[in-house]
Amino acid sequence: MDAYIEVQGLQFSRADRIIYDDVSLQIPRGKITAVMGPSGTGKTTLLRLIAAQLAPDKGCIRVDGKEVHTLSRFNLYELRKKMGMLFQSGALFSDMSVFENVAFPLEEHTKLSVDEIQVRVLEKLHSVGLKGAAALMPAELSGGMARRVALARAIALDPALVMYDEPFTGQDPISKGVLVELIRQLNEQGDITSVLVSHDVAESLSIADHVCILAGGRVVAEGSPAQILDSDDPRVQQFLKGEPDGPVPFHYPEVSADDTKSLGGAQ
Amino acid sequence: MRSKHTELLVGSFIVLGLAAFVYLAVQVSGLGFSNNKDTYQVVARFDDIAGLSNRAKVSIAGVTVGDVESITFDKELYMALVTMNIRSDVDNIPTDSSVAILTSGLLGEKYLGITIGADEDVLTGGGEIYDTQSALVLETLISQFLFNSGDSEE
Amino acid sequence: MNKVIGLGASALNWLEAVGKAGIFIFQSVFRLPVRLPEAINLLIKQLYSVGVLSLVIVVVSGAFIGMVLSLQGYSILAKFGSEDAVGQLLALSLLRELGPVVTALLFAGRAGSSLTAEIGLMKATEQLSSYEMMGVDPLRRVIAPRFIAGVICMPILSLIFSAVGIIGGLMVSVAWLGVHDGAFWSLMQQSVYFDTDIVNGLIKAVCFAIAVTWIAVYQGYECVPTSEGIGKATTRTVVLGSLAILALDFVLTAAMFGDF
């Protein structure tokens with residue numbers, strides 16, 4: 001596999017909680033990879049580690065051959081120009097209009113003229129279907145629209161890697177469908193590597209070329225969607241089928257009988 | 001656009017601040033009084049200056065004609081040496097004039113009052129007024145009165 | 001023994017926190033500037049939201065405090081027959097103490113808390129992370145203009161406060177209480193010195209401005225990115241800021257106006 005991103009022996013913990021315990025995975029170049037798992041496994045943290053916003057306790061992460069955590073500040077910022085990230089909440093800059101938001105990375109990192117920037121911005125907005133909303137402020141957008149604008153902003157510099165942090169969460173079916181389509185189109189148009197972090201099984205599996213399932217700080221399954229669906233690991237099956245009880249228990253671990261007496265009330 | 005409006009307000013804000021500054025400087029602190037170029041210096045020695053401070057007024061007949069530039073201790077004569085700046089256009093102070101430390105009002109500050117003498121020669125830069133009267137120290141006055149001592153002030 | 005260890009640990013933690021805050025502000029302000037025209041634009045926006053929008057509260061408070069000071073001052077001075085000195089009392093109190101201190105306290109409450117909330121909200125909605133991801137340093141783009149705006153605006157507000165206070169006091173003393181306006185001004189002018197009173201008051205205002213704005217932006221930047229966390233950070237800004245102002249005021253007053 002021609003891996004665009006390589007994670008090796010990653011160990012990361014936060015406030016006494018181990019989030020990643022010796023995790024290794026690969027993200028193939030030019031394809032859509034879905035990283036899935038139950039809530040709280042730290043999927044967003046993985047994206048931040050890849051973008052070097054966070055540093056691992058151990059292990060290394062390589063993006064396009066470069067080990068991100070050893071890069072100088074300058075080189076890191078250069079690398080980040082080739083990465084686009086779509087945050088869970090859209091994260092549009094609230095004091096700028098839609099147009100200004102999408103124009104922002106172009107103004108910061110390129111020396112294009114005002115007219116050229118305008119052309120590009122409208123082009124990107126058009127590709128997400130929101131050219132008509134260019135003058136609106138983020139507060140005036142619905143959640144789905146905000147995410148689409150954020151996507152337009154994420155691809156403004158035509159990056160080589162786009163990371164989606166829970167793009168389908170909390171969206172109505174139409175918006176989900178729109179986003180799925182956009183992600184697929186984007187990936188096909190350029191030689192883009194897409195990493196999709198989600199727990200929406202149906203949507204993710206419908207577009208992913210490569211799937212990785214994380215649970216308990218480890219990789220429990222990795223492969224193509226077909227391989228994942230065929231897996232006989234009970235954790236994978238519980239997750240994919242959405243079973244309420246299984247390796248991830250329904251009941252919160254109980255305290256002993258003596259302790260329940262002190263909670264008060266008849267037991 | 002919105003930014004033009006904002007810039008206008010910010011500009012007004014800063015101008016308002018400057019105006020407040022100038023107002024405070026000129027009207028409240030009376031800045032702009034002493035220009036050293038227009039003054040000449042005269043000294044006087046006192047036994048007790050008791051609370052006279054720098055920048056105190058120097059006045060003749062109640063009109064301010066200068067201020068105190070500095071107060072130092074004369075080690076040889078064990079007296080206070082007061083240096084005054086007198087306005088250059090007040091150039092007719094006779095050399096035998098006297099200077100006293102007076103108080104303006106009950107809470108008021110100490111100032112120097114010059115009483116004109118009769119000499120024909122006038123003070124010039126670097127001159128000295130020899131006839132000085134020290135500040136009235138309230139306690140000394142009261143103790144004199146109370147104990148009716150024979151000592152009079154010098 | 002454990003208590004001593006605990007105390008030592010707290011002290012070290014505190015030092016660490018101070019160091020972190022120091023590095024934070026240093027990185028925000030003292031690196032190579034962002035592109036100049038853009039930096040000016042950002043600064044102007046912040047000068048507006050931090051300074052211009054605080055004008056109303058500063059002017060109103062200044063006027064009322066000036067008026068109250070005159071009333072109180074007059075009633076006490078009248079017992080000594082020295083009502084004329086009310087102008088002196090007013091000017092010195094405002095310029096040396098009340099102007100810088102009260103303005104700073106008002107600033108901490110209004111502008112400081114708003115800065116903290118704004119930055120905290122940007123953190124919670126991942127806007128700061130977005131800036132980082134796009135290769136723009138949020139410290140220089142978001143924090144620095146706000147900090148510099150605070151440091152510029154507060155001394156200006158302090159001057160306006162003092163000026164308005166004196167005008168307010170003038171109206172009450174001369175127009176209402178009947179203090180002779182010639183005496184009002186002349187006694188004031190005699191006792192107020194530009195370099196000791198006005199300039200020192202200004203220096204105090206600048207020190208307070210740096211302290212309060214620093215606390216405000218830092219609390220916003222370091223807050224827990226939830227609504228509860230933002231609320232706590234805002235409260236902390238006002239409380240810490242006010243305490244810092246009062247403590248600094250004591251130190252500065254002793255240094256400037258004491259004859260020690």
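Source: prediction; values computed, not measured. By convention in this document, chain letters (A, B, ...) are assigned in the order of the sequence lines, proteins followed by strands, and residues within each chain are numbered from 1.
Heavy-atom distances place both the backbone and the side chain of I160(C) under 4.5 Å from chain B. For L55(C), the part lying under 4.5 angstrom from a heavy atom of chain B is the side chain only. Contacts of L202(C) with chain B are made by side-chain atoms alone, with heavy-atom separations under 4.5 Å and no backbone atom involved.
Considering only heavy atoms from C-beta on, L159(C) stays 4.5 Å or farther from Y23(B) through its side chain. Within the 4.5 Å cutoff, the side chain of I156(C) has heavy atoms near those of the F13(B) side chain. Counting heavy atoms from C-beta on, the side chains of V192(C) and L24(B) never come closer than 4.5 Å. Inter-residue side-chain proximity for Q46(C) and V10(B) is flagged as unmet; no heavy-atom pair is nearer than 4.5 Å.
Residue Q72(C) qualifies as open at atom CD: its count of foreign heavy atoms under 6.0 Å is 12 or below. The number of heavy atoms from other shown groups lying within 6.0 Å of CZ (F73(B)) is above 12.
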Test side-chain contact (heavy atoms from CB on, under 4.5 Å) applied to E7(B) and N41(C), step by step: CA-CA 9 Å; E7(B) 279 170 7; N41(C) 257 333; 4.2 Å; yes
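In plain terms, the two heavy atoms of T6(B) and I44(C) that are nearest each other are CG2-O, 4.4 Å. L9(B) and V52(C) get closest at one heavy-atom pair: O-CG2, 3.7 Å.
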